[in-house]
Enquirer: 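Here you go, one structure.
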Number of protein chains: 2
Amino acid sequence: MRRVPAQIAARLPAAAELFADRGFENTKVDDVAAATGVPKATLYYYFAGKEEILAFLLQETLQQMADEVAIAVQAPDSAAARLAAVVRAQLRVMADQPSVCRALIENLGHAGRIPELASSVTEAYYTPVQQLLDEGVRDGSLRATEDPSTTAMVLFGAVTMSALSYLAAGRPLSPEGLSPAILTVVLDGLRPTDSPP
Amino acid sequence: MRRVPAQIAARLPAAAELFADRGFENTKVDDVAAATGVPKATLYYYFAGKEEILAFLLQETLQQMADEVAIAVQAPDSAAARLAAVVRAQLRVMADQPSVCRALIENLGHAGRIPELASSVTEAYYTPVQQLLDEGVRDGSLRATEDPSTTAMVLFGAVTMSALSYLAAGRPLSPEGLSPAILTVVLDGLRPTDSPP
DNA sequence: TCGTGTTTAGACTCTCAGTCTAAACCGCGT
DNA sequence: ACGCGGTTTAGACTGAGAGTCTAAACACGA
């Protein structure tokens, strides 16, 4: 995959729209060309195939999430507060790109080999979150869990699935509305019992 | 889709194996025929197409989950204990059919229209779990949440994503090993603060 | 002006998904 | 035995569309 010029990258989300609406299979490469305004031959000049377009979209979105998460993690607040910010950040990215997220989740199998995907998510999400969990134990704002990696996955899954059910139903996803509901469930379980609300 | 005879249904999980290994797209119907021993023409006699085979597998698995969840819900324990049993039940189903689950999750978009899928999951999981959350508030074993439907999704997502990361990595998924880690995160948040462990 | 990388239209190939045919095969009622 | 419905199957066929190739422009710096 060649380095994709910005003016082409900017047009690709229109393809995600199609993928999300009609499904990946039912979207012809010619349709993608028509919807994005990027001619088919040019698409094949940059991408090895239709799947690579989806994979590119996924990488972009994961990168965006990694950036937002990194910002949330570096704030000068308690670890608990930053963890809440991470949840909101993930929701914000998903709310920002509803079609891309739907298309990606519904077609994970097309977006690349799963192991590579998994390590991308690890880099963008699990590693920073696990670090945050650690810091939370040290600053006393979070309870220690016996298996931080599972805890990170629980968080990621909780947020992803909740958001997905909005996206799938076509309902608008409001990070401000949804995050408190997720956080009360998850955060209260992480708060030390010696400092209840 | 005709009523699928048991001896054919029993052979289909072999197809899920292929879907999970090489991906749905890279699996030819002829491959499915070879792997299951069910001739291509017979497959087309019962299923309208390749996607319908996946959809059938999904329905079977959801039904199995609905059954297991129903059993867990009806136990004579506290709501909290039954909720823990629901989590273990879901993990057990996923551990039972790793390939099917991987294939399904990686190819949600192929397994049927998402709204129908969503309502199947609602029937099999969200409705019983929400009922359980209600009962928990009444019997005092669970804390009330402002949005029980979101809570149910959080649970489902937490379990699904944790399990998936094992399946995707090819690691064996042990319900007994994983459920405590999930439950400490999620259940402690649901426990009333007036009865800590 | 040359050369290198980019852009594009359009025609082409080739792999499957799915269809069709037509021949067995099976049980069951008569 | 016989015929009749549903089932099972092999194998040939069709059509859609992913991906390839060609060859002509274009851009732009050396």
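Quick note on labels: first sequence line is chain A, next is B, and so on, each numbered from 1. For the numbers below, each heavy atom of this structure counts, side chains included, while hydrogens, waters and symmetry mates do not.
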Enquirer: By nearest nucleotide on DNA chain D, pick out whichever of B/R2 and A/E25 is the more 5' one.
Expert: B/R2
Enquirer: Can you check the B/I8 CD1 to D/dT9 P distance for me, whole Å?
Expert: 7 Å
Enquirer: Using atom OH of B/Y45 as one end and atom P of C/dT19 as the other, report the distance to the nearest whole Å.
Expert: 15 Å
Enquirer: For the pair B/T151 (side chain) and B/D147 (backbone), establish whether a donor and an acceptor sit closer than 3.5 Å, ignoring hydrogens and angles.
Expert: yes
Enquirer: Give the rounded distance in Å between these two atoms: CG of A/N26 and P of C/dA17.
Expert: 15 Å
Enquirer: Using a distance-only test with no angle check, is there a side-chain donor-acceptor pair under 3.5 angstrom linking B/S78 and B/E135?
Expert: no
Enquirer: Are side-chain heavy atoms of B/D96 and B/Q64 found at a separation under 4.5 Å?
Expert: yes
Enquirer: Calculate the interatomic distance between B/D30 atom CG and D/dT9 atom P; express it in whole Å.
Expert: 15 Å
Enquirer: I need the CG-C1' distance between B/D31 and C/dA17, as an integer number of Å.
Expert: 12 Å
Enquirer: Taking only the side-chain heavy atoms of B/K28 (C-beta and beyond), determine which of D/dG6, C/dT6, C/dA17 contains the nearest atom.
Expert: C/dA17
Enquirer: Indicate yes or no: does B/E68 engage B/R88 in a salt bridge with an N to O separation below 4.0 Å.
Expert: no
Enquirer: Specify the separation, in whole Å, of atom OH of A/Y46 and atom C1' of C/dG5.
Expert: 9 Å
Enquirer: For a quick check of understanding: with a heavy-atom distance under 4.0 Å over all strands, which category does B/F47 fall into, base, sugar-phosphate or nothing?
Expert: nothing
Enquirer: Let's see if you can work this out: which of C/dT19, C/dA9, C/dC16 has an atom nearest to the side-chain heavy atoms of B/K40?
Expert: C/dT19
Enquirer: Of the candidate nucleotides C/dA9, D/dA10, D/dT8, which contains the atom at the shortest distance from the side chain of B/T42?
Expert: D/dT8
Enquirer: When you measure from the side-chain N and O atoms of A/Y44 to the phosphate of D/dC21, is any distance below 4.0 Å, counting only OP1 and OP2?
Expert: no
Enquirer: Is any N or O donor-acceptor pair between the side chain of A/K50 and the base of D/dG19 shorter than 3.5 Å?
Expert: no
